[in-house]
Amino acid sequence: MTGTVLVTGGSGYIAGFLIRQLVAEGWHVNTTVRALAREAEIRRVLAVDDSRLSFFTADLLDDAGWAEAVAGCSHVAHVASPFPAAAVKDAQELIRPAREGALRALRFARDARVKRFVLTSSAAAIAYGHRGRTTPYTEADWTDVTHPDSYAYVQSKTIAERAARDWVAAEGGAMEFCSINPTLVVGPILSADFSTSVEAIRKIVAGALPGCPDFGFGVVDVRDVADLHVRALNAPNMAGERFIASGPFLKMVEIARLLKARLGADGRKIPTRTLPNFLVQISALFDPMVRQVIGELGKTREMDASHARKMLGWVPRPAEESLVDTARSLIALGIVRP
């Protein structure tokens, strides 16, 4: 299937690889950015057939530009959502644009008679606030946003996806809606303007940490997340579907040791010991970003991605390949100097 598809947030990490795959498969892509001044830069980074890519100005908190961006589109992939590198003072700084942006994109998509709407949600909307959980999470699970573990970003993704699903049920008409819920997205980066999700890998390779906190993540390659979006845009009978996109859950020390073994001399700064929890807790007193994830210490959040494999034939690449590609691209672009 090909046609015209709107991909929101064209300057973003997932959106960039999604646009590349869609154009390669013959789609015409409309994409939104907050300022057209970045169009030339983004085109240069994406390096796709320019005749198949059109840019529009649109903001998550403003109606202006959305009707033009979605006009003539049969499909929408709503990827844009705030993901800051620093902690925010007020959770509403993330919740409001995530929720209102999703609802705004849905409303304009319905009015433009879009057939299929794919929302980029997150495993953050699934795996938080479950006390003592030891079994893998599935698409049936939802985060409890009232739990202390649910920091601002987690709240924003959960509230936005729930609001989107409620809106579709009440007002979506015949438009099919589904969501993709990735864990920590890693893989090669396309420019020095890299995603917050890659920051943990940057810190490990740069030796910016004295050791590895007892944190972990499910990891998934950005190229595989983009591929899952394309599959969800194309496949029949997607109404109401939800797909976890994740590979294995890895502790930071496991990631560090893997990269140390694979990078040779480029990995000489990588720490391979686990930091005692009390040191991490002390650093949280001074670092707001550490403070908001302190509840992750010692936790394991295994994700079951079998639904995407069975229903859409999705096969993610090995986590080792994704992590090494992340590190090598950080080094190649000069972001990390080993």
Side-chain angles (χ1 to χ4, degrees), residues 13 83 85-87 123-124 127-128 133-134 136-137 149 151 153 182-189 192 194-225 245-303 305 316-338:
Y13 189 35
F83 189 9
Y128 287 76
R133 176 71 172 260
T134 57
Y137 293 92
D149 284 356
Y151 52 93
Y153 175 73
T183 50
L184 185 76
V185 181
V186 298
I189 59 173
F194 62 94
S195 168
T196 301
S197 65
V198 177
E199 179 64 14
I201 312 303
R202 185 199 69 78
K203 286 185 174 181
I204 289 172
V205 180
L209 303 169
C212 299
D214 189 20
F215 295 149
F217 326 93
V219 296
V220 63
D221 196 289
V222 64
R223 294 164 291 191
D224 297 326
V225 176
S246 183
F249 182 93
L250 297 172
K251 289 292 184 81
M252 284 188 72
V253 71
E254 294 178 282
I255 294 171
R257 289 170 181 166
L258 182 156
L259 291 173
K260 186 104 172 171
R262 287 290 304 272
L263 294 180
D266 287 342
R268 64 182 180 274
K269 293 181 181 177
I270 295 175
T272 56
R273 68 186 184 95
T274 300
L275 284 175
N277 286 354
F278 78 89
L279 289 179
V280 182
Q281 290 162 344
I282 290 170
S283 70
L285 298 174
F286 308 98
D287 186 332
M289 201 65 180
V290 176
R291 187 158 58 248
Q292 75 174 359
V293 296
I294 200 72
E296 294 301 290
L297 282 172
K299 289 188 176 169
T300 299
R301 301 185 192 277
E302 295 281 357
M303 308 296 294
R317 67 201 69 208
E320 180 176 356
E321 177 185 335
S322 303
L323 291 164
V324 171
D325 285 354
T326 311
R328 293 205 184 282
S329 66
L330 286 165
I331 294 167
L333 287 166
I335 295 164
V336 171
R337 290 179 171 79

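Values below: every heavy atom of this structure, side chains too, minus hydrogens, waters and symmetry copies.
How far CE of M303 is from CZ of F249: 10.5 Å, rounded to the nearest 0.5 Å. Here I294 contributes atom CD1 and D149 contributes atom CG; the two are 11.0 Å apart, rounded to the nearest 0.5 Å. Note: L263 CG to L258 CG = 8.5 Å, rounded to the nearest 0.5 Å. In this structure, the separation between CD on E321 and CG on D224 is 8.0 Å, given to the nearest 0.5 Å. Note that CD1 of I201 and CD1 of I204 are 5.0 Å apart. Values are rounded to the nearest 0.5 Å. Between the CD1 atom of I282 and the CG atom of N277 there is a distance of 11.0 Å, given to the nearest 0.5 Å.
Contact record, A256 with I270: O-CG2, 3.5 Å, taken as the closest heavy-atom pair. Between Y13 and V186, the shortest heavy-atom contact is OH-C, 3.3 Å. For the residue pair P182 and V220, the shortest heavy atom distance occurs at CB-CG1, 4.1 Å. Looking at every heavy atom in both residues, G211 comes nearest to P271 through CA-CB, 3.8 Å. Minimum interatomic distance between A245 and V225 (heavy atoms only, all atoms of both residues): CB-CG2, 4.5 Å. When all heavy atoms of R291 and A284 are compared, the closest pair comes out as NH1-O, 2.7 Å.
A side chain to side chain donor-acceptor pair (under 3.5 Å) check over residues 329-338, counting only residues at least two apart or in different chains, returns nothing.
Between Y151 and Y128, the two ring planes are perpendicular [angle over 60°; tilted spans 30° to 60°].
Between the side chain of R268 and the backbone N or O of P338, at least one donor-acceptor pair lies under 3.5 Å. Side chain of R262 to backbone of V324: no donor-acceptor contact under 3.5 angstrom is found. Between the side chain of S246 and the backbone N or O of T183 there is no donor-acceptor pair closer than 3.5 Å. In terms of modelled atom types and a separation under 3.5 Å, the side chain of D266 and the main chain of R328 share no donor-acceptor contact.
Under the salt bridge (Lys or Arg N to Asp or Glu O under 4.0 Å) criterion, K269 pairs with no residue, sequence neighbours left out. With sequence neighbours excluded, the residues forming a side-chain hydrogen bond (donor to acceptor under 3.5 Å, both in side chains) with S195 are S197, listed by chain and number. With sequence neighbours left out, the salt bridge (Lys or Arg N to Asp or Glu O under 4.0 Å) criterion links R273 to no other residue. With sequence neighbours left out, the side-chain hydrogen bond (donor to acceptor under 3.5 Å, both in side chains) criterion links E254 to no other residue. With sequence neighbours excluded, the residues satisfying salt bridge (Lys or Arg N to Asp or Glu O under 4.0 Å) with K251 are D214.
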- [ ] Step by step, work out the side chain to side chain contact (heavy atoms under 4.5 Å, CB included) result for M252 and F217.
- [x] CA-CA 8 Å; M252 284 188 72; F217 326 93; 3.6 Å; yes
TODO: May I have the step-by-step check of side chain to side chain contact (heavy atoms under 4.5 Å, CB included) for V222 and I189, ending in yes or no?
DONE: CA-CA 9 Å; V222 64; I189 59 173; over 6 Å; no
Open item on the list: Evaluate F215 against L297 for side chain to side chain contact (heavy atoms under 4.5 Å, CB included), listing each step before the verdict.
Closed with: CA-CA 5 Å; F215 295 149; L297 282 172; 3.5 Å; yes
Open item on the list: With side chain to side chain contact (heavy atoms under 4.5 Å, CB included) as the criterion, how do R223 and D325 come out once you've worked through the C-alpha distance, each side chain's angles and the decisive distance to 0.1 Å?
Closed with: CA-CA 11 Å; R223 294 164 291 191; D325 285 354; 2.8 Å; yes
- [ ] Apply salt bridge (charged side-chain N to carboxylate O under 4.0 Å, His left out) to R202 and E199, showing your working.
- [x] CA-CA 5 Å; R202 185 199 69 78; E199 179 64 14; 2.7 Å; yes
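Between I335 and V198 the shortest side-chain heavy-atom distance does not fall below 4.5 Å.
Within a 6.0 Å sphere centred on NZ of K260, other residues, nucleotides and ligands contribute more than 12 heavy atoms.
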